[in-house]
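Sequence lines set the chain letters: A, B, ... in the order given, protein chains first and strands last, and positions in each chain run from 1.
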Amino acid sequence: MHSPVNFSQFPDQAGHFGRYGGRFVAETLMEALHELNEAWQDCRNDPDFLAELDTDLARYVGRPTPIYYAERWSRQLGGAQIYLKREDLNHTGAHKINNTVGQGLLAKRMGKTRLIAETGAGQHGVASATIAARLGMECVVYMGAEDIQRQAINVYRMRLLGATVQPVTSGSRTLKDALNEALRDWVANVDNTFYMIGTVAGPHPYPLMVREFQAVIGREAREQMLADHGCLPDALVACVGGGSNAIGLFHPFLNDSEVAIYGVEAAGSGIDTGRHAATLCAGRSGVLHGNRTYLLSDENGQITETHSVSAGLDYPGVGPEHAWLKDIGRAQYVAVTDAEALRAFHDLTRIEGIIPALESSHALAYVTQLAPALRPDQRIVVNLSGRGDKDIYTVADLDGIQL
Amino acid sequence: MADGPIIQKACERALSQGMSLRGVLELVREFRRTDVDTPLVLMGYLNPIESMGFDAFAAGAREAGVDGVLTVDLPAEEASELAELLAAVDIDPIFLLAPTSSIERIRRTVELARGYLYYVSLKGVTGSAALNVVDVAEKLAMIRTCTGLPLGVGFGIKDPPTAAAIAQIADAVVVGSAIVSRIAEWADDPERMRREVGHLVSAMRQAMSVDSV
């Protein structure tokens with residue numbers, strides 16, 4: 001990478017990262033996006049807004065999250081030293097809350113009284129319902145009927161928090177369809193409703209706004225590594241579904257060209273089986289959910305069904321900034337299978353006493369390949385984006401155990 | 001994204017039967033063998049067009065006999081490339097306008113639009129509940145200050161009285177879900193389907209003609 005790109009200048013005014021991003025929505029949504037963008041641009045530089053956000057992140061979410069040195073695991077793998085950015089320690093158990101705290105404050109400022117969200121694994125749904133409860137707002141979470149089956153605990157958690165979980169039975173009954181349904185709700189109820197998108201996809205300004213709320217991960221990690229070691233890490237690793245935890249970690253390091261960056265997608269049963277969700281590794285450019293990005297689609301441009309053991313990575317698109325980072329070569333995108341992710345899930349649990357989310361286990365699985373290829377004096381920061389409590393039924397099931 | 005449950009289900013049925021953009025162009029070709037006069041507009045989403053390639057789509061649509069293309073998720077800001085390619089082969093790029101469209105957005109859209117403009121009568125998805133004729137009339141008047149293009153109105157027009165009321169203020173009435181739901185209802189009885197759809201369309205046509213005298 002010898003590019004003189006200044007990454008902080010992207011996206012452009014219209015939300016483009018190179019040829020990706022933009023605003024591909026029906027006319028009925030354009031004013032809503034315009035209104036949202038205006039409100040967001042006002043807030044992102046407003047000291048009062050930022051101070052309120054920082055206070056909430058500290059006292060409600062529990063930030064900063066620590067960087068944990070996985071000493072035993074590093075020694076076993078034999079190679080680079082591995083550091084975990086502990087987003088699993090956030091309130092609600094994943095990085096998703098960083099974004100919903102921010103969007104919730106914005107919704108309040110805009111005078112909205114109703115929050116809607118889409119969710120796949122349920123983590124963003126829980127994070128949205130949590131904020132809605134705290135702000136006293138009505139909350140409707142759209143969730144694929146298939147995912148409701150897979151994530152019963154999170155569904156119940158959302159209901160406890162007072163949210164309505166709306167099953168989506170169209171299409172493949174997963175996250176892609178939930179996002180479509182939430183957009184339809186927003187079109188019809190735009191006056192009082194704020195749509196919280198949970199990842200760095202969707203029409204501008206969502207990929208930018210969600211990135212800015214998640215970039216707290218990378219800003220902290222950068223400061224923590226500099227404070228502890230006096231230098232930046234050699235490599236960053238994060239899992240990529242839509243890509244919000246990854247861009248949150250990556251973005252503050254993009255201008256540091258000496259830091260290698262790896263995004264890890266879900267190869268499911270294996271990319272050659274067709275049963276996977278490795279959009280960047282196996283997809284091509286297209287338009288979905290309001291932005292141009294890499295997609296998994298058939299030769300007629302119809303979105304294909306995806307598979308991953310991890311519901312949070314089971315998405316046929318990916319954030320447009322990742323598509324751009326791939327094309328210009330600033331980040332590399334790889335994929336690991338369900339089986340590899342499960343092995344990493346068990347390894348971290350047994351070796352470090354930390355049960356990782358299945359999503360994050362994909363990043364960990366790649367670390368088991370990367371670390372031995374590096375020198376012992378090199379350091380890898382891997383984003384432990386969520387905790388695995390929500391996944392124990394899935395894992396037990398795969399291991400043939402009935403709970 | 002803008003479609004209600006009736007149109008969504010229709011899309012799912014079509015896809016499950018193997019329909020594709022190529023298949024649609026083939027249907028157009030077949031239709032043009034017996035009808036060369038009726039204007040024909042394709043309405044859909046961008047990804048199938050992007051997947052085929054803008055040039056290939058423009059050429060294919062032209063060759064098949066398409067007169068206009070409305071791409072729901074392609075607002076004016078992102079549309080110039082495709083709109084120019086279509087216009088170059090004499091296919092009209094058709095655009096949506098909505099109750100929320102500001103005067104700036106209307107001006108920007110009419111710059112690229114050809115053929116007619118499709119005004120979305122309400123905030124909601126296709127096949128939604130009630131539209132307000134007074135609101136629609138006000139907005140159409142505003143749009144007419146920016147363009148001389150004909151204005152069609154759609155979304156939520158499901159019966160002859162509504163069609164008649166809209167015909168008073170618009171140049172065209174667009175009916176989708178009301179027809180598609182009858183097609184779905186009588187899918188197993190094509191004879192009856194033709195009758196039911198025919199009844200609805202002629203009742204609307206009649207109501208519009210009577211009221212506009």
Side-chain angles (χ1 to χ4, degrees), chain A residues 12-16 19 21-35 168-173 176-177 179-193 202-204 283-293 295-304 316-317, chain B residues 1-5 7-9 11-12 14-16 18-24 44-53 57 70-79 81-82 95-102 104-106 108-109 117-129 155:
Chain A
D12 69 14
Q13 290 285 319
H16 295 112
R19 60 186 301 274
R23 230 177 230 176
F24 294 87
V25 297
E27 178 63 25
T28 42
L29 278 176
M30 288 300 284
E31 276 307 310
L33 290 169
H34 180 70
E35 182 200 14
V168 176
T169 55
S170 55
S172 61
R173 304 147 68 93
K176 139 181 106 65
D177 312 289
L179 214 150
N180 278 328
E181 213 50 50
L183 281 171
R184 289 188 189 102
D185 179 316
W186 200 32
V187 169
N189 301 295
V190 67
D191 292 334
N192 72 341
T193 298
H204 179 64
R284 62 197 173 103
S285 174
V287 171
L288 176 72
H289 293 151
N291 65 106
R292 180 175 278 126
T293 185
L295 298 178
L296 293 171
S297 64
D298 65 17
E299 73 277 11
N300 294 314
Q302 294 298 329
I303 304 306
T304 47
Chain B
M1 169 182 296
D3 285 314
I7 306 275
Q8 277 179 64
K9 286 220 168 64
C11 292
E12 283 175 25
L15 289 172
S16 72
M19 188 40 77
S20 65
L21 183 53
R22 279 183 181 79
V24 168
Y45 292 83
L46 183 59
N47 201 50
I49 297 176
E50 178 136 333
S51 185
M52 183 179 281
F57 171 71
L70 197 174
T71 318
V72 175
D73 55 349
L74 191 63
E77 282 81 349
E78 302 281 357
E81 190 187 349
L82 181 60
F95 285 88
L96 296 172
L97 288 172
T100 47
S101 303
S102 64
E104 292 79 27
R105 290 203 43 73
I106 294 170
R108 185 166 204 161
T109 304
L117 286 154
Y118 184 148
Y119 180 70
V120 175
S121 63
L122 45 76
K123 293 180 191 173
V125 295
T126 56
S128 296
F155 281 45

Which heavy atom of [X] sits nearest to which heavy atom of [Y], and what is that distance?
X: A/G22; Y: B/E78; value: CA-OE2, 3.2 Å
X: B/R22; Y: A/N300; value: NH1-OD1, 3.5 Å
X: B/A98; Y: A/E27; value: N-CG, 3.7 Å

Can you tell me which of B/S101, B/C11, B/P99, B/G23 forms the most heavy-atom pairs within a distance under 4.5 Å of chain A?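 The answer is B/S101.
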Let me confirm one number: the [atom1]-[atom2] distance from [X] to [Y], rounded to the nearest 0.5 Å.
X: A/R284; Y: B/S51; atom1: CZ; atom2: OG; result: 3.5 Å
X: A/M30; Y: B/R108; atom1: CE; atom2: CZ; result: 8.0 Å
X: A/T28; Y: B/L97; atom1: OG1; atom2: CG; result: 11.0 Å

Do B/S20 and A/Q302 get their side chains close enough for a donor-acceptor pair, meaning under 3.5 Å?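 Looking only at side-chain atoms, A/Q302 and B/S20 do not form any donor-acceptor pair under 3.5 Å.
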Per-residue contact mode, B/L46 against chain A (heavy atom under 4.5 angstrom): side chain
Is chain B contacted by the side chain of [X], its backbone, both, or neither, given a heavy-atom distance below 4.5 Å?
X: A/E181; result: side chain
X: A/L295; result: side chain
X: A/S170; result: both
X: A/H16; result: side chain

Begin from the C-alpha positions of B/Q8 and A/R184 and carry the test side-chain contact (heavy atoms from CB on, under 4.5 Å) through to its verdict. CA-CA 12 Å; B/Q8 277 179 64; A/R184 289 188 189 102; 3.0 Å; yes
Residues which pass salt bridge (Lys or Arg N to Asp or Glu O under 4.0 Å) with A/D191, listed by chain and number, not counting sequence neighbours: B/K123
Residues forming a salt bridge (Lys or Arg N to Asp or Glu O under 4.0 Å) with A/R292, sequence neighbours excluded: B/E50
